[in-house]
Each structure stands twice: as C-alpha cells, then as structure tokens.
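Reading through the structure tokens given below for one structure.
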Amino acid sequence: MDPVHIPVMLRETLEWLNIRPDGIYVDATAGLGGHTGAIAQRLTTGLVIASDCDAESLEIARRNTAPWADRIRYRHGWFSTLAADLVAMGIPKVDGLTADLGASFYQLRSKERGFSIQAGGALDMRFDRGASVTAGHIINTLNEKSLVELLEQRGEERGKRARLIARAVTGARPIQSIQELARVVERVVPRAGRRIHPATQSFMALRRAVNREDEELAALLAAAPELVRGGCRIAIISFMSLEDRSVKRAFNDLVRQGRAIRLLKHVLRPAEEEVRSNPAARSARLRVVEMK
C-alpha cells in the first residue's frame with residue numbers, strides 16, 4: 001500500500017495560485033502528488049507538470065493521481081534543468097508554479113533512504129538515488145575544515161559546535177550508519193535539555209550538501225520568473241529559515257525590479273487547525289508573488 005500523504009498548506013496554495021481550468025501549471029516538487037492532484041482536479045483543458053528529482057516518490061505520485069492523469073505530465077528531474085525540459089515539452093511559459101521545499105515525510109521515515117535519526121539506516125540522504133554522492137561519502141572524505149564550513153553554512157551550526165562535531169567526525173571514521181553518526185555528535189554536543197537531537201542540524205547540513213539544495217533552489221528562483229506568464233503567480237512553501245530567506249530575497253528583488261507584485265504583506269503560516277491535525281506543517285511558510 002502506498003504511503004498516505006497530507007499536502008501542507010494545500011488550501012492556501014490553491015487559493016493564491018488562482019488556478020484557471022485551462023491553465024498550465026508546474027508543481028516543481030510533486031512528492032507523492034498531493035498538490036499535483038488537487039491542481040489537476042481544478043483543471044478541464046489545462047495541464048499540470050508534476051516534477052520531482054526523486055523517481056520513487058514520483059512513481060507513487062503517478063498512482064495517487066491516476067484519476068486525473070489525462071491532465072498531468074510527470075517529469076523526473078532537478079530544478080536546474082526544469083526550464084530546458086519544459087521547452088523540450090513545447091511549454092516555454094506556464095500559468096503558475098508552486099514548490100514545497102525540503103524532504104518529505106515519506107523520505108524522512110524511510111530507513112533505506114537514510115534521512116533521519118529516527119528512521120536510522122545507511123548514510124545515504126539522496127533525493128535522486130541515481131546520484132553518485134551520498135552522505136556517507138561526504139562524512140568520510142571531507143577534511144575537518146571543509147566539514148566545519150558545511151555545518152555552519154548549510155546547517156546553521158555555530159562555530160564552536162561545528163568545530164567540535166567536525167573534529168569528532170574525522171576522529172571516528174569510517175562512519176557507516178545514521179545511528180553511528182548521531183552517537184558521535186551526541187558525545188561532543190550532549191542533549192542538555194534540548195528539544196531536538198543535537199545531531200539534527202548536522203543531518204540537515206549533510207542532506208542539503210548531498211542534494212545541492214542551495215544551488216538547486218537558486219536555480220529554481222532564477223528560472224521561475226522567466227517561466228511564469230505576466231499576471232500569473234509563483235507560490236513557494238519552505239520549512240527552514242535558510243530556504244525562506246532565499247525565497248524572500250528573490251521575491252523582494254523581483255518586486256524592486258518592477259517585475260512582480262507582492263501579494264502578501266507578511267509570510268503566510270498554516271492555520272492552527274492544520275498544525276493540530278498535521279504537526280509536520282508547523283514550520284511551513286508560504287510566500288507568493290504575481291509576475292507582471
């Protein structure tokens with residue numbers, strides 16, 4: 001049985017995308033198909049491109065959205081090649097684009113994918129399992145200085161903690177599993193009443209490095225304004241401050257350049273009832289601009 005997927009901020013995303021029944025839309029992070037399916041249901045002669053770099057998730061999305069498959073095209077690929085792939089499909093412009101950034105609950109709870117401390121497993125963390133670089137490769141080959149930089153820049157670890165963790169990691173190699181890495185970090189950065197595991201930010205940094213998430217998000221933010229027609233919208237959900245800051249900067253730049261209109265005075269957060277029914281939504285942030 002395929003995993004149950006609860007799309008985050010679905011009502012708000014659909015409302016702010018302002019979907020037309022005959023429009024062409026891109027769900028740049030189709031995941032298991034929650035947002036894709038909801039968009040497709042609102043189309044008649046229109047089309048939604050369900051895009052994801054995780055082939056396994058996309059295959060589940062195909063099954064989850066099968067009732068509306070005549071209105072969906074599925075695309076396996078990264079943000080950085082989205083524009084070129086759409087042109088190859090004969091779709092140079094679209095009527096809206098949405099993205100729900102970061103790892104999905106399905107990925108996080110999968111032991112063989114190696115994304116989370118709770119799930120355990122091998123040090124993998126690849127969104128696209130055809131990619132060559134794994135978390136294990138990074139953790140066991142980067143020198144101490146590079147590890148410190150990775151933890152600070154991609155995981156927002158503070159300098160002293162980053163140095164302690166990097167030194168402990170290089171001294172404990174080879175590290176083979178998620179649990180082993182978590183123990184190495186916990187030995188030098190104890191819990192000390194912290195709500196989250198002390199290795200959480202290290203794991204985030206590794207995942208972001210493995211999947212080049214900063215670079216891929218930058219590519220999406222550069223491509224989206226060229227893809228989306230005037231009068232149409234870009235709606236992006238982020239879960240981490242690093243990502244939200246990047247989206248905010250990019251949208252502010254578009255507004256300053258006179259290329260877009262800011263539709264929301266402040267970032268939009270999930271309703272309390274959604275957080276109660278789906279705690280994974282609690283850190284979600286939605287930003288929207290309309291292209292001119």
Side-chain angles (χ1 to χ4, degrees), residues 8 13 25-33 35-36 49-58 61 73-89 91 94 96-108 113-116 124-135 137-138 142 146 149-156 201-228 234-254 283-289:
V8 170
T13 302
Y25 298 88
V26 173
D27 181 355
T29 50
L32 304 189
H35 287 95
T36 294
I49 313 301
S51 177
D52 206 286
C53 60
D54 183 339
E56 295 167 43
S57 293
L58 197 59
R73 284 199 207 172
Y74 303 90
R75 175 217 176 234
H76 175 225
W78 295 88
F79 293 156
S80 50
T81 56
L82 176 61
D85 287 353
L86 287 177
V87 169
M89 290 180 191
I91 305 172
V94 299
L97 180 147
T98 187
D100 176 351
L101 305 174
S104 69
F105 185 61
Y106 165 66
Q107 290 165 329
L108 290 172
R113 304 299 293 273
F115 277 102
S116 75
D124 192 321
M125 299 192 186
R126 291 172 296 174
F127 289 156
D128 181 354
R129 292 224 262 184
S132 57
V133 176
T134 66
H137 173 81
I138 290 175
L142 246 56
S146 297
E149 290 173 357
L150 183 150
L151 292 169
E152 288 178 336
Q153 294 169 13
R154 298 196 188 245
E156 295 191 301
Q201 286 169 262
S202 299
F203 276 55
M204 179 177 77
L206 268 177
R207 191 202 80 206
R208 292 178 66 78
V210 167
N211 299 291
R212 302 183 75 253
E213 290 181 52
D214 294 338
E215 295 84 349
E216 287 295 319
L217 177 56
L220 178 68
L221 293 171
E226 308 303 325
L227 290 172
V228 175
I234 305 168
I236 298 183
I237 300 169
S238 56
F239 291 82
M240 295 186 296
S241 57
L242 275 169
E243 293 173 337
D244 183 54
R245 285 199 298 270
S246 295
V247 175
K248 181 180 179 180
R249 275 196 303 269
F251 283 4
N252 284 345
D253 286 347
L254 289 172
S283 56
R285 305 288 183 270
L286 173 65
R287 293 187 185 273
V288 185
V289 287

Determine whether a donor-acceptor pair (N or O, by modelled atom type, separation under 3.5 Å) exists between the side chain of [X] and the backbone of [Y].
X      : Y      : answer
His35  : Val8   : yes
Arg75  : Gly77  : yes
Thr98  : Ala235 : yes
Arg129 : Glu56  : no
Asn211 : Arg126 : no

So [Y] and [X], do their side chains get closer than 4.5 Å, heavy atoms only?
X      : Y      : answer
Thr134 : Met125 : no
Ile91  : Asp85  : no
Met240 : Ser283 : no
Trp78  : Arg212 : no
Ser51  : Thr29  : no
Leu101 : Ile236 : yes
Leu150 : Leu142 : yes
Tyr25  : Ile49  : no

Minimal non-hydrogen separation, [X] against [Y], with atom names:
X      : Y      : result
Gly31  : Ala61  : O-CB, 3.4 Å
Ser80  : Ala219 : CA-CB, 3.7 Å
Ala209 : Ile138 : CB-CD1, 3.9 Å
Pro225 : Ile234 : N-CD1, 4.0 Å

Could you measure the distance from the [atom1] atom of [X] to the [atom2] atom of [Y]? Nearest 0.5 Å is fine.
X      : Y      : atom1 : atom2 : answer
Arg73  : Thr36  : CZ    : OG1   : 14.5 Å
Ser238 : Leu217 : OG    : CG    : 8.5 Å
Asp128 : Leu58  : CG    : CG    : 11.0 Å
Ser116 : Arg207 : OG    : CZ    : 11.0 Å
Glu216 : Leu221 : CD    : CG    : 11.5 Å
Asp27  : Leu97  : CG    : CG    : 8.5 Å

Between Ser241 and Glu156: side-chain donor-acceptor atoms closer than 3.5 Å |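 There is such a pair between these side chains.
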
For the pair Gln107 and Ser57, evaluate side-chain contact (heavy atoms from CB on, under 4.5 Å) and give the outcome as yes or no after the intermediate values.
-> CA-CA 8 Å; Gln107 290 165 329; Ser57 293; 4.2 Å; yes

Only one of Arg285, Arg154, Lys248, Arg208 clears salt bridge (Lys or Arg N to Asp or Glu O under 4.0 Å) with Glu243; which?
->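 One option only clears the test, and that one is Arg208.
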
Begin from the C-alpha positions of Thr13 and Ile237 and carry the test side-chain contact (heavy atoms from CB on, under 4.5 Å) through to its verdict.
-> CA-CA 9 Å; Thr13 302; Ile237 300 169; 3.5 Å; yes

Derivation and outcome, side-chain contact (heavy atoms from CB on, under 4.5 Å), residues Asp52 and Phe127 = CA-CA 9 Å; Asp52 206 286; Phe127 289 156; 5.9 Å; no

Pair Phe115 and Tyr106, ring centroids less than 6.0 Å apart =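 Centroid distance Phe115-Tyr106: not below 6.0 Å, so no.
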
